[in-house]
Trainee: 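Can you read through this structure? Questions will come right after.
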Amino acid sequence: MRYTRAIARALASLAAAGLLVGCATPIGIRTADPIEVQRYLTRSALTGQTPSDFSLNELRRYDLLETFNDEPDAALAKLHTAALARDLPPDALFALAELSFLRAHETQLQASYAAALIYSYAFLFPEQGGASLNEFDPRERIAADLYNRALTSAFRLSKLGTIAVPANAVTDVALPFGSIRVTRAPDLLRMQGVEFYDVEPVAQIEVRGLRNRYRQPGIGAPLAAKTRPSPGAVQVVPIGALVRIPLAAMLLIDTPLAGLRSGKLTANLVLFATHDTDTIEIDGRPIPLEAEPTAALAASLSEAQFWKKELAAFLGDAIGLRKQSALIAIRPYTQGRIPVVFVHGTASSPARWADMANDLLADAYLRDHYAFWFFTYDSGNPIAYSAHQLRTALTQAVERADPSGGNPCARDMVVMGHSQGGLLTKLTAIDSGNIFWAGISNTPLDEIKLAPAEKELLRGVAFVKPLPFVTEVLFLATPQRGSYLAGPQFVRRLAAYFVRLPSEVVRVGADLAAHAPAGEAGLSLGRIPTSIDNMSPNNRFIQALAKIPVSPDVKTHSIIAVDSDEPLDQAGDGVVKYASAHIEGVDSELIVRSPHSGMQAAPATIEEVRRILFAHAERSTCLAPAR
């Protein structure tokens with residue numbers, strides 16, 4: 001029958017390995033491949049159709065092996081009765097959990113999955129006074145995984161592959177030996193001002209593309225869910241529309257052994273956001289929650305398809321796509337966390353920070369004490385305009401995070417930018433005085449006849465003051481003096497031809513050209529410069545910006561990519577020369593071996609960012625000292 005064949009195959013492989021074949025006696029030994037032996041000893045219902053030796057021993061004890069092969073439901077019922085007669089010992093509970101999971105895998109019945117998770121829970125968490133297992137007993141990990149997988153499958157998947165969370169606050173689920181009443185809170189799918197939807201299991205997701213996969217082994221079914229704002233809730237920074245929050249689901253069973261004896265069980269279904277909650281207390285002891293943050297991140301990036309949209313966003317209206325600038329988060333903001341803002345570069349997207357975010361979020365201290373925000377924008381726009389959008393977004397976020405001044409961590413912000421994003425970052429921490437306006441017009445702004453909204457936009461773009469809440473900035477492969485790739489005239493002409501700027505920028509430029517003479521740069525505002533123009537080494541904007549120092553109140557770091565063996569004064573990363581990225585007076589400078597586009601994911605870059613964030617936490621007056 002079904003299980004006979006699987007068990008027979010396991011025994012045959014064991015015989016082939018030499019474990020069951022003696023020379024001429026029915027019992028014997030032979031040295032075999034240790035890998036094959038280990039594979040045999042560690043097999044379970046989680047790895048194939050054959051149960052572990054622990055469960056097979058229980059079946060043999062009650063002469064139920066053949067019955068389980070031929071009539072598995074009858075064998076499970078007899079084993080359940082035998083376990084009750086022995087007051088539900090751990091050996092029997094484990095066997096019932098594993099064998100019920102095998103049966104559930106075959107039948108896909110909710111009752112069998114529910115039985116498997118109940119037996120597993122009773123095995124892992126015996127009632128007060130129950131004997132605890134040896135901490136090295138492999139059945140603990142197997143039982144936890146059986147519980148996690150059975151819990152995921154007990155709530156049947158929708159046609160879209162997402163979890164069908166019980167619609168009712170109270171749901172009765174039939175069991176082979178009785179029933180279980182599952183209660184869930186009405187706000188189960190709401191947390192910290194957001195609602196969860198499209199809840200997807202992620203433990204079985206294969207992740208590709210990210211350098212590391214992080215998971216925390218524990219208890220709970222790992223899930224990932226999209227979010228939308230709860231009615232009336234105000235988000236400090238909106239969570240990206242396609243960002244999936246990593247969750248863990250738990251079915252907390254009341255007195256599981258007593259319930260197994262009576263056949264009437266009760267349980268409470270709960271959800272935890274594993275970025276914020278690491279453990280759950282069961283029977284007075286902390287138990288780690290199963291967490292799959294990398295799988296949730298990979299699912300988010302796969303659905304968002306950032307890479308396919310990067311060039312389109314750079315070109316803007318040229319192909320009918322206008323991307324609004326936005327500050328987005330990957331989880332709800334919690335008071336007491338320091339914002340870290342990531343700003344991408346030209347023809348890029350927040351996805352380029354994926355490896356860094358994945359690694360930093362895996363550190364419990366950084367995860368608990370920092371909030372990671374990502375600024376996205378049309379990178380073909382004039383740099384000063386994009387920087388104005390960044391400053392505006394950050395100011396609004398801090399006002400929402402700290403409306404009354406009681407959250408000093410919100411005003412201890414770290415901003416880092418890659419490539420062009422580094423120039424936007426610098427523009428959060430400088431005092432430009434009149435230098436930018438002088439390059440635009442010789443007429444004072446207040447004397448020019450413009451609509452109030454246009455004048456306000458120009459004021460925000462041309463007169464830059466340090467944001468008082470930005471206390472540390474990081475420049476990654478930043479063309480402080482321009483990029484040599486942006487220098488050739490044909491490149492700038494191509495950008496001018498293809499890139500389409502926002503209508504408000506074009507309108508302001510036209511109105512300004514009609515009402516004010518050109519400034520020192522002799523700038524013709526009939527054609528607004530693109531970001532490529534701005535990053536040409538001979539452009540007056542980049543030259544002026546390079547001369548302005550970062551505010552002395554702001555700590556500054558530079559991470560510079562080099563991918564050649566040339567002397568530093570000639571070396572570069574394929575886009576930005578070291579001589580352009582290097583600036584004097586920074587608190588630290590690190591050179592990493594990497595091409596320009598991949599340097600955010602370089603291990604040396606990530607470790608340097610980690611070091612800087614730990615040092616920032618040590619200095620911060622809003623946090624307890626970092627470990």
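Keep in mind that this is a model prediction, so the values were computed, not measured.
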Trainee: With a 3.5 Å distance limit and no angle check, can you tell me whether N69 reaches the backbone of L65 through a side-chain donor-acceptor pair?
Mentor: yes

Trainee: Residues in side chain to side chain contact (heavy atoms under 4.5 Å, CB included) with H275, at least two apart?
Mentor: P246, P293, R331, L361, R367

Trainee: How long is the gap from CG on L360 to CH2 on W353, to the nearest 0.5 Å?
Mentor: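 Interatomic distance, L360 CG to W353 CH2, rounded to 0.5 Å: 10.0 Å.
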
Trainee: Taking the six-membered ring of Y197 (Phe, Tyr or Trp), confirm whether the NZ or CZ of R228 is under 6.0 Å from its centre and within 45° of its axis.
Mentor: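 Satisfied, under 6.0 Å and within 45°.
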
Trainee: Just wondering, do I282 and L124 contact through their side chains at under 4.5 Å, heavy atoms?
Mentor: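 Result no, sub-4.5 Å side-chain heavy-atom pair not found.
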
Trainee: Within this structure, what is the OG-CG distance for the pair S300 and L242, rounded to the nearest 0.5 Å?
Mentor: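 Between atom OG of S300 and atom CG of L242 there are 8.0 Å.
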
Trainee: Sub-3.5 Å donor-acceptor pair from the side chain of S55 to the main-chain atoms of P51, do we have one?
Mentor: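 Side chain of S55 to backbone of P51, a donor-acceptor pair under 3.5 Å: no, none is there.
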
Trainee: Do the side-chain N and O atoms of T334 and Q192 include a donor-acceptor pair separated by under 3.5 angstrom?
Mentor: yes

Trainee: Atom OG1 in T376, atom CG in L327: separation rounded to 0.5 Å?
Mentor: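 The CG atom of L327 is 10.0 Å from OG1 of T376, to the nearest 0.5 Å.
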
Trainee: Counting only N and O atoms by type, is there a donor-acceptor contact under 3.5 Å from the side chain of Q204 to the main-chain atoms of P201?
Mentor: no

Trainee: Which word best sums up how the rings of H616 and Y370 line up, parallel for under 30°, tilted for 30 to 60°, or perpendicular for over 60°?
Mentor: tilted

Trainee: Within 45° of the six-membered ring axis of F54 and under 6.0 Å from that ring's centre, is NZ or CZ of R139 located there?
Mentor: yes

Trainee: So I245 and L247, side chain to side chain contact (heavy atoms under 4.5 Å, CB included) or not? Walk me through it.
Mentor: CA-CA 6 Å; I245 301 290; L247 305 171; 4.0 Å; yes

Trainee: I'd like to check the side chain to side chain contact (heavy atoms under 4.5 Å, CB included) partners of T47; sequence neighbours left out, ordered by chain and number.
Mentor: R43, S44

Trainee: Does the side chain of P176 reach to within under 4.5 Å of the side chain of D73, using non-hydrogen atoms?
Mentor: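 When only atoms from C-beta onward are counted, D73 and P176 do not touch, as no gap falls below 4.5 Å.
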
Trainee: According to the salt bridge (Lys or Arg N to Asp or Glu O under 4.0 Å) rule, which pairs have a member within residues 211-223, sequence neighbours left out?
Mentor: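 Counting only pairs at least two positions apart or across chains, the salt bridge (Lys or Arg N to Asp or Glu O under 4.0 Å) contacts touching residues 211-223 are R211-D359, R213-E292, R215-E290, R215-E292.
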
Trainee: Would you say that F342 contacts F372 through its side chain, given a criterion of any heavy-atom pair below 4.5 Å between the two side chains?
Mentor: yes

Trainee: Taking E98 for the side chain and S52 for the main chain, is one N or O donor matched with an acceptor at less than 3.5 Å?
Mentor: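 Yes, the answer is positive, given that a donor and an acceptor are paired below the 3.5 Å cut-off.
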
Trainee: Would a distance-only check, ignoring hydrogens and angles, find a side-chain to backbone donor-acceptor pair under 3.5 Å from S112 to Q108?
Mentor: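 A pair under 3.5 Å: no.
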
Trainee: Would Y119 and F177 count as a close aromatic pair, with their ring centres under 6.0 Å?
Mentor: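 Ring centres of F177 and Y119 closer than 6.0 Å.
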
Trainee: Apply side chain to side chain contact (heavy atoms under 4.5 Å, CB included) to residues V170 and R184 and explain how you reach the verdict.
Mentor: CA-CA 7 Å; V170 178; R184 74 166 182 88; over 6 Å; no

Trainee: Is R181 atom CZ crowded by more than 12 heavy atoms from other residues, nucleotides or ligands, each under 6.0 Å away?
Mentor: no

Trainee: Using only atom types and a distance under 3.5 Å, with no angle test, would you say the side chain of S302 pairs donor to acceptor with the backbone of A298?
Mentor: no

Trainee: Could you measure the distance from the OG1 atom of T50 to the CG atom of L56? Nearest 0.5 Å is fine.
Mentor: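 T50 OG1 to L56 CG: 8.0 Å, rounded to 0.5 Å.
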
Trainee: Which residues pass the ring-ring contact (aromatic ring centres under 6.0 Å, His included) test with F375, sequence neighbours left out?
Mentor: Y377

Trainee: Applying side chain to side chain contact (heavy atoms under 4.5 Å, CB included), run through I287 and T279 and close with a yes or a no.
Mentor: CA-CA 5 Å; I287 306 295; T279 61; over 6 Å; no

Trainee: Take a 6.0 Å sphere around CG of L41 and say whether it holds more than 12 heavy atoms from other residues, nucleotides or ligands.
Mentor: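 Yes, the 6.0 Å shell around CG holds more than 12 heavy atoms from other groups.
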
Trainee: Donor-acceptor pair, N148 side chain versus I219 backbone, under 3.5 Å?
Mentor: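 No, the answer is negative, given that no donor and acceptor are paired below the 3.5 Å cut-off.
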
Trainee: Just jot down the side chain to side chain contact (heavy atoms under 4.5 Å, CB included) partners of A601, sequence neighbours excluded, or say none.
Mentor: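 Side chain to side chain contact (heavy atoms under 4.5 Å, CB included) check on A601 returns D355.
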
Trainee: For D172 and S179: C-alpha separation, side-chain torsions, deciding distance, then whether side chain to side chain donor-acceptor pair (under 3.5 Å) applies.
Mentor: CA-CA 7 Å; D172 290 315; S179 65; 5.7 Å; no

Trainee: Considering residues at least two apart in sequence or located in another chain, which fulfil the side chain to side chain donor-acceptor pair (under 3.5 Å) criterion with D87?
Mentor: R261

Trainee: Let's go through K78 and E58 carefully: what are the C-alpha distance in whole Å and the side-chain angles of both, what is the deciding distance for salt bridge (Lys or Arg N to Asp or Glu O under 4.0 Å) to 0.1 Å, and is it a yes or a no?
Mentor: CA-CA 12 Å; K78 290 179 180 179; E58 284 296 296; over 6 Å; no

Trainee: Start with the C-alpha distance between Y214 and D363, add both sets of side-chain angles, then the distance that settles side chain to side chain donor-acceptor pair (under 3.5 Å), and finish with yes or no.
Mentor: CA-CA 10 Å; Y214 295 101; D363 188 296; over 6 Å; no

Trainee: With a 6.0 Å cut-off on the ring centroids, do F123 and Y147 count as close?
Mentor: no

Trainee: Which heavy-atom pair separates N407 from G336 by the least distance, and what is that distance?
Mentor: OD1-N, 3.2 Å

Trainee: Taking atom types as modelled, is there a side-chain donor on T183 or N268 under 3.5 Å from an acceptor on the other?
Mentor: no

Trainee: Just by distance, do the side chain of D278 and the backbone of L289 share a donor-acceptor pair under 3.5 Å?
Mentor: no

Trainee: Do E195 and S230 have side-chain atoms, one donor and one acceptor, less than 3.5 Å apart?
Mentor: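 No pair is found: no donor N or O on one side chain lies under 3.5 Å from an acceptor on the other.
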
Trainee: Indicate whether any N or O donor in one side chain lies under 3.5 Å from an N or O acceptor in the other, for T266 and D254.
Mentor: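 D254 and T266 do have a side-chain donor-acceptor pair below 3.5 Å.
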
Trainee: In Å and rounded to the nearest 0.5 Å, what is the CG to CG distance from L84 to L79?
Mentor: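 If we round to the nearest 0.5 Å, L84:CG and L79:CG are 10.0 Å apart.
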
Trainee: Within the supplied structure, the quantity of interest is the number of heavy atoms (other residues, nucleotides, ligands) at a distance under 6.0 Å from D63 CG; does it exceed 12?
Mentor: no

Trainee: More than 12 foreign heavy atoms under 6.0 Å from CD of E206: is that the case here?
Mentor: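 Check fails, neighbour count at 12 or below.
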
Trainee: Flag yes if more than 12 heavy atoms outside R208 fall under 6.0 Å of its CZ atom; otherwise flag no.
Mentor: no

Trainee: If every non-hydrogen atom of Y121 is compared with every non-hydrogen atom of P256, which pair is closest and at what distance?
Mentor: CD2-CG, 4.0 Å

Trainee: Can you tell me if H369 uses its side chain to pair, donor with acceptor, with the backbone of Y365 under 3.5 Å?
Mentor: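 It does hold such a pair.
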
Trainee: To the nearest 0.5 Å, how far apart are CG in N57 and OH in Y62?
Mentor: 12.0 Å

Trainee: Between R337 and D276, does any NZ, NE, NH1 or NH2 come within less than 4.0 Å of an OD or OE carboxylate oxygen?
Mentor: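 Salt bridge between D276 and R337, a charged N being under 4.0 Å from a carboxylate O: yes.
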
Trainee: Quick check: closest heavy atoms across L252 and V270, and the distance to 0.1 Å?
Mentor: CD1-CG2, 4.0 Å

Trainee: Have R103 and S100 got a donor and an acceptor in their side chains that come within less than 3.5 Å?
Mentor: no

Trainee: Run the salt-bridge test on D145 and R141 with the 4.0 Å N-O cut-off and return the result as yes or no.
Mentor: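 Judged by the 4.0 Å cut-off on N to carboxylate O distance, D145 and R141 do form a salt bridge.
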
Trainee: Tell me if a side-chain donor or acceptor on D402 pairs with a main-chain N or O of A410 at a distance below 3.5 Å.
Mentor: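 Not a single qualifying donor-acceptor pair exists.
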
Trainee: Please test L297 against I330 for side chain to side chain contact (heavy atoms under 4.5 Å, CB included), starting from the C-alpha separation and ending with a verdict.
Mentor: CA-CA 9 Å; L297 175 62; I330 55 177; 5.7 Å; no

